[in-house]
Amino acid sequence: MRFIVSLILLGFLSACTTSVLAPTSQLVQKALTLEVEQTQQRLSEQLDLNFQGYEINRLSITEEQSLTIQNLLTYRVRGTYDLAFKLPKRQIKQSQKPFELYLQLQREGKTWRLLFPESGVKGSWRSYLIR
């Protein structure tokens with residue numbers, strides 16, 4: 001009986017600890033900004049477009065799942081957001097754009113990194129510091 005109670009308490013404690021460390025919507029917004037900036041740079045170079053900024057609005061987080069990648073606590077965060085790219089003569093808008101991000105808490109517990117799976121190499125990740 002004590003063993004079962006201990007397991008239940010351990011489960012509650014780990015769930016509470018995980019939720020306290022979960023990424024905030026502000027952190028998710030910063031990670032999306034980093035991802036959009038990288039996409040914007042690639043599009044600008046490939047299509048010779050003159051982007052003059054963008055806006056991220058209506059961020060909605062629908063799922064957070066904790067997991068471990070490279071022995072560090074990581075969250076897979078899913079949701080939607082509205083995106084507007086500004087061009088010289090018009091604006092391109094996308095509503096309810098889905099996203100999936102991998103956000104990893106670093107060992108010291110103070111900084112987060114945005115992870116992208118490395119294409120072609122299973123279990124390998126590129127990471128970027130979220131500022």
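By convention here, the first residue in the shown sequence is residue 1. Basis for what follows: all heavy atoms, side chains included, without hydrogens, waters or symmetry-related copies.
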> Are I69 and V77 grouped together when hydrophobic residues (ILVMFWY) are joined by side-chain heavy atoms under 4.5 angstrom apart?
Replying inline: no
>> What I'd like to find out is whether the side chain of Q96 reaches to under 4.5 Å of the side chain of D82, using heavy atoms alone.
In response: yes
> Out of curiosity, does L73 fall in the hydrophobic cluster containing F116 (side-chain heavy atoms, cut-off under 4.5 Å, transitive links)?
Replying inline: yes
> Do Y102 and F99 share a hydrophobic cluster (ILVMFWY, side-chain heavy atoms under 4.5 Å, transitive)?
Replying inline: no
>> Using the rule given for side-chain contact (heavy atoms from CB on, under 4.5 Å), can you reason through V28 versus Y81, listing the C-alpha separation, both sets of side-chain angles and the distance that settles it, and then say yes or no?
In response: CA-CA 11 Å; V28 172; Y81 65 102; over 6 Å; no
> More than 12 non-hydrogen atoms from neighbouring residues, nucleotides or ligands closer than 6.0 Å to CD on Q26, yes or no?
Replying inline: no
>> Regarding E37 and Y54, do their side chains bring together a donor and an acceptor under 3.5 Å, going by distance alone?
In response: yes
> In Å and rounded to the nearest 0.5 Å, what is the CD to OG1 distance from Q40 to T33?
Replying inline: 11.0 Å
> For the atom pair CD (Q106) and CD1 (I130), what is the distance rounded to the nearest 0.5 Å?
Replying inline: 9.5 Å
> Out of R113, E108, R107, which residue meets the side chain to side chain donor-acceptor pair (under 3.5 Å) rule with T111?
Replying inline: E108
> Checking side-chain contact (heavy atoms from CB on, under 4.5 Å) for the pair E100/R76: CA distance, chi angles, key distance, verdict?
Replying inline: CA-CA 7 Å; E100 179 178 74; R76 182 177 70 185; 3.3 Å; yes
> Looking only at heavy atoms, what is the nearest atom pair of L103 and W112, with distance?
Replying inline: O-CZ3, 3.7 Å
> Which atom names give the shortest non-hydrogen contact between P117 and R126, and what distance separates them?
Replying inline: O-NH2, 4.5 Å
> Is L34 reachable from L115 through a run of hydrophobic residues whose side-chain heavy atoms are each under 4.5 Å from the next?
Replying inline: no
